[in-house]
Amino acid sequence: MSGVRHNLPPEIIGRGTWYDKAAKELIERERRLGRSLDLIRTESGLGASGFPHIGSLGDALRNYAVAMGVQVQGYNSELIAFSDDKDGLRKVPAGLPKDLERWLGYPVSDIPDPMGDCHESFGAHMTSLLLDALDTCGAEYTFKSGAKVYEEGVLNDEILALMENAERVGEIIKEEIGQEKYLEALPYFPVCESCGRIYTTHAYKYLPEEHKVLYRCAGMEVKGRWLEGCGYEGEVDVLAGKGKLSWKVEFAARWRALDIRFEAYGKDIADSVRVNDRICREILGYEPPMHVQYEMFLDRGGKKISKSAGNVFTPQVWFRYGSPQSLNLLIFKRFVGAKSGSVEDIPPHMDELDDLEDVYFGRVKVKDPKERAKLSGLYEYCWMLKPPEEPSVHIPYNLMTNLAMVAPKGAEARFIREKLRDYGYLDQGDRGLEDRIRYALNWSGTSVRLA
RNA sequence: GGGUCCGUAGCUCAGCAAGGUAGAGCGUCAGCCUCUUAAGCUGAGGGUCGAGGGUUCGAAUCCCUCCGGACCCGCCA
């Protein structure tokens, strides 16, 4: 038996992807913890204080993918999409009127919609952009508004526990990240009763009998800029939904109140998650959800995508040039690694999705069963486990854009279709061709304008 | 100060979860095809997998150390 392979042939888990492995680990962990397996929830926090970019969508989709993996294993799951719309406005997003500055520090759910009166608030508008993208991508979720959650008192048990143990909370925060602020301050931001802002208040004393905090509107430095408080001294019932928990403890409260079992997060909030894990376990007595940390989306130059740098790349931009499934592919194909997110990524992902489709439909043979399962499974995840019955027509994206660029004005679609027929691309049908033509025309139109 | 990721062909990267004969695209070169196009097809060349150690019958893959590059946190969220 010398020289033989000692490894047993690997069992393929679920659809063979990373998500299936993670889902299996998650279920095993829950089983070990002795918790109910009736409904396994994952969560994603939706930023509501700026235009959602590709990274915001990525967070939600990754967490949704793990929920799908749980379903593949035969269990019920659900993604909670939690809008952080009780957060204050810290900065006026690029592209919006400067006079929004007067709303800095106000909860985004209290600021009027600056983009017409189509939504009930600034936060609602931003949130809806992200939810639209999730819908387009085919994700299913249960939506929660942070502001409403506070109003409805969903987190009240947790808020009481945190206030009553505020001293211990402060110690944990100091131990984990060295920040001493919460040795003094309570981890709660009241909305100032006088001026309406949330980031200018400083909660300094808790009255347990009345479950109220005393605060003063003292001002705070936000994003390198001093937000002057109005000086008001007041008190607020922490169970009345007139404020919010600091992020240092809010995750923990959400996890327990909403019974969250898994949450992936970007490395920018790694410290916060570490603190929240301890708060959740030690103060709230709830074993925190399983976590996986992922890398941020970077642009082609390796820079963090930021609104101020002007390299914002939104899901809506992607959908102009590529299919929702190709965007899902960008997000799903690697979970933890760094990745770029720019328009340059669209053509290769459109082509790569075609390759995966060939594997899924057996038109391309992959010898290694593990490899085949992984590629085929990735394809299914890109379609949110609802892949089409028939493959679409496959045409290299570059060819499409090339034809689009030379097509005569006014007859582009007909020209492209005729050329493709001549080239023999349409012999097997033209399923999905209309979309591909639209993407290519959008692409070439933009390229021409840029040139 | 704390943490994460990356380093594989000229370029951009995949492969690493779950160890089993180093891959793709682009570029280059040779040829073919085509109604001119950043189009298409066939083939070729090209890599001590950042360095060193460890585990192993076997390491790009797992572990440790180091080097180089980048990012995040140390305000707030």
Side-chain angles (χ1 to χ4, degrees), chain A residues 1-13 16-22 24-25 45-50 84-91 104-105 107-108 146 173 176-181 189 198-200 220-227 244-248 250-251 265-275 292-306 333-340 344-345 347-349 351-352 355 368-371 373-375 395-407 416 418-420 422-425 444 447 451:
Chain A
M1 290 292 281
S2 67
V4 299
R5 299 169 184 182
H6 293 275
N7 291 351
L8 295 169
E11 173 202 359
I12 292 167
I13 298 167
T17 70
W18 188 94
Y19 301 96
D20 299 285
K21 186 83 188 332
K24 188 171 186 212
E25 282 174 21
L46 279 39
S49 53
D84 293 314
D85 56 6
K86 194 72 181 173
D87 289 7
L89 182 67
R90 287 166 293 156
K91 192 163 187 210
L104 287 177
V108 293
I173 291 172
E176 287 298 328
I177 61 174
Q179 185 182 33
E180 300 187 355
K181 169 177 175 178
F189 290 98
I198 190 167
Y199 283 158
T200 48
M220 183 187 279
E221 184 175 326
V222 174
K223 291 264 174 192
R225 166 182 181 143
W226 180 255
L227 270 186
K244 76 182 290 289
L245 292 166
S246 158
W247 234 32
K248 293 286 187 300
E250 187 185 273
F251 281 155
Y265 60 90
K267 70 176 181 182
D268 56 331
I269 60 167
D271 285 344
S272 222
V273 169
R274 203 170 71 247
V275 170
V292 175
Q293 181 175 323
Y294 59 83
E295 289 291 302
M296 313 301 292
F297 272 94
L298 306 174
D299 70 11
R300 284 306 255 204
K303 297 294 174 198
K304 184 190 179 187
I305 294 174
S306 75
K333 70 175 182 174
R334 267 186 299 165
F335 190 96
V336 294
K339 54 182 97 182
S340 71
E344 307 290 317
D345 296 308
H349 282 84
D351 291 341
E352 188 177 344
D355 295 341
D368 181 17
K370 220 168 48 165
E371 183 71 7
K374 183 163 74 176
L375 294 174
I395 304 149
Y397 198 89
N398 282 345
L399 175 57
M400 290 298 295
T401 55
N402 200 275
L403 289 172
M405 269 185 269
V406 299
I416 293 171
E418 282 171 3
K419 283 295 171 192
L420 291 173
D422 293 347
Y423 295 160
Y425 277 100
S444 65
S447 298

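Only this structure's heavy atoms are used, side chains among them; waters, hydrogens and symmetry mates stay out. The sequence lines fix the lettering, A, B, ..., with proteins before strands; numbering per chain opens at 1.
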[atom1] of [X] versus [atom2] of [N]: gap in Å, rounded?
{"X": "A/D345", "N": "B/rG25", "atom1": "CG", "atom2": "C1'", "result": "13 Å"}
{"X": "A/E371", "N": "B/rC16", "atom1": "CD", "atom2": "C1'", "result": "12 Å"}
{"X": "A/H349", "N": "B/rG25", "atom1": "NE2", "atom2": "C1'", "result": "12 Å"}
{"X": "A/D268", "N": "B/rA77", "atom1": "CG", "atom2": "C1'", "result": "10 Å"}
{"X": "A/D271", "N": "B/rC71", "atom1": "CG", "atom2": "C1'", "result": "14 Å"}
{"X": "A/L104", "N": "B/rA77", "atom1": "CG", "atom2": "P", "result": "15 Å"}
{"X": "A/D87", "N": "B/rC76", "atom1": "CG", "atom2": "P", "result": "13 Å"}
{"X": "A/E352", "N": "B/rG23", "atom1": "CD", "atom2": "P", "result": "19 Å"}

When the [atom1] atoms of [M] and [N] are compared, how many Å lie between them, rounded to an integer?
{"N": "B/rG43", "M": "B/rC64", "atom1": "P", "result": "43 Å"}
{"N": "B/rU34", "M": "B/rA51", "atom1": "P", "result": "48 Å"}
{"N": "B/rG45", "M": "B/rG23", "atom1": "C1'", "result": "16 Å"}
{"N": "B/rA14", "M": "B/rG7", "atom1": "P", "result": "7 Å"}
{"N": "B/rG68", "M": "B/rA30", "atom1": "C1'", "result": "38 Å"}
{"N": "B/rA9", "M": "B/rA60", "atom1": "P", "result": "15 Å"}
{"N": "B/rA22", "M": "B/rC67", "atom1": "C1'", "result": "24 Å"}
{"N": "B/rU55", "M": "B/rC63", "atom1": "C1'", "result": "7 Å"}

Please work out if [X] contacts a base, only the sugar-phosphate, or nothing of the nucleic acid, heavy-atom cut-off 4.0 Å.
{"X": "A/Y265", "value": "nothing"}
{"X": "A/K248", "value": "sugar-phosphate"}
{"X": "A/G146", "value": "nothing"}

State, yes or no, whether a side-chain contact exists between [X] and [Y] at a heavy-atom distance under 4.5 Å.
{"X": "A/D271", "Y": "A/E176", "value": "no"}
{"X": "A/V406", "Y": "A/K419", "value": "no"}
{"X": "A/W247", "Y": "A/D84", "value": "yes"}
{"X": "A/Q293", "Y": "A/Y265", "value": "yes"}
{"X": "A/K181", "Y": "A/K248", "value": "no"}

**Request:** Could you tell me whether the side chain of A/D351 and the main chain of A/Y397 form a donor-acceptor pair under 3.5 Å?
**Result:** yes

**Along RNA chain B (nearest heavy atom to each residue), the more 5'-positioned of A/Q179 and A/K21** =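 By nearest-heavy-atom nucleotide position, the 5'-most residue is A/K21.
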
**Item:** Short side-chain N/O contact from A/K267 to OP1 or OP2 of B/rC6, under 4.0 Å
**Value:**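 No, A/K267 has no side-chain N/O under 4.0 Å of OP1/OP2 on B/rC6.
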
**Prompt:** Just to confirm, is there a sub-4.0 Å distance from OP1 or OP2 of B/rA77 to any side-chain nitrogen or oxygen of A/S246?
**Reply:**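 A/S246 to B/rA77 OP1/OP2: side-chain N or O found under 4.0 Å.
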
Quick check for you: among [options], whose closest atom lies nearest to any side-chain atom of [X]?
{"X": "A/I13", "options": "B/rC76, B/rA18, B/rU4", "result": "B/rA18"}
{"X": "A/W18", "options": "B/rA17, B/rA18, B/rC76", "result": "B/rA17"}
{"X": "A/K374", "options": "B/rC16, B/rA77, B/rC76", "result": "B/rC16"}

Please name the pair of heavy atoms, one in [X] and one in [Y], separated by the smallest distance, quoted to 0.1 Å.
{"X": "A/M400", "Y": "A/L420", "answer": "SD-CD1, 3.9 Å"}
{"X": "A/L89", "Y": "A/K91", "answer": "CD1-O, 3.3 Å"}
{"X": "A/K86", "Y": "A/G146", "answer": "CB-C, 4.3 Å"}
{"X": "A/A404", "Y": "A/S444", "answer": "CB-OG, 3.5 Å"}

What protein N or O atoms touch nucleotides 35-41 of chain B N or O atoms at under 3.5 angstrom, if any, and at what distances?
from   : atom 1 : to     : atom 2 : distance (Å)
B/rC35 : N3     : A/K419 : NZ     : 2.4
B/rC35 : N4     : A/K419 : NZ     : 2.4
B/rA38 : O2'    : A/N402 : ND2    : 2.7

**Message:** What stems show up for RNA chain B when you take Watson-Crick pairs (N1-N3 plus N6-O4 or O6-N4) and G-U wobbles (N1-O2, O6-N3), both under 3.5 Å, and require three or more consecutive pairs?
**Reply:**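 Stem list for RNA chain B: B:1-7 with B:67-73, B:10-13 with B:23-26, B:28-32 with B:40-44, B:50-54 with B:62-66.
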
**Prompt:** What residues, two or more places apart in sequence or in another chain, satisfy ring pair (Phe, Tyr, Trp, His ring centres under 6.0 Å) together with A/Y425?
**Reply:** none

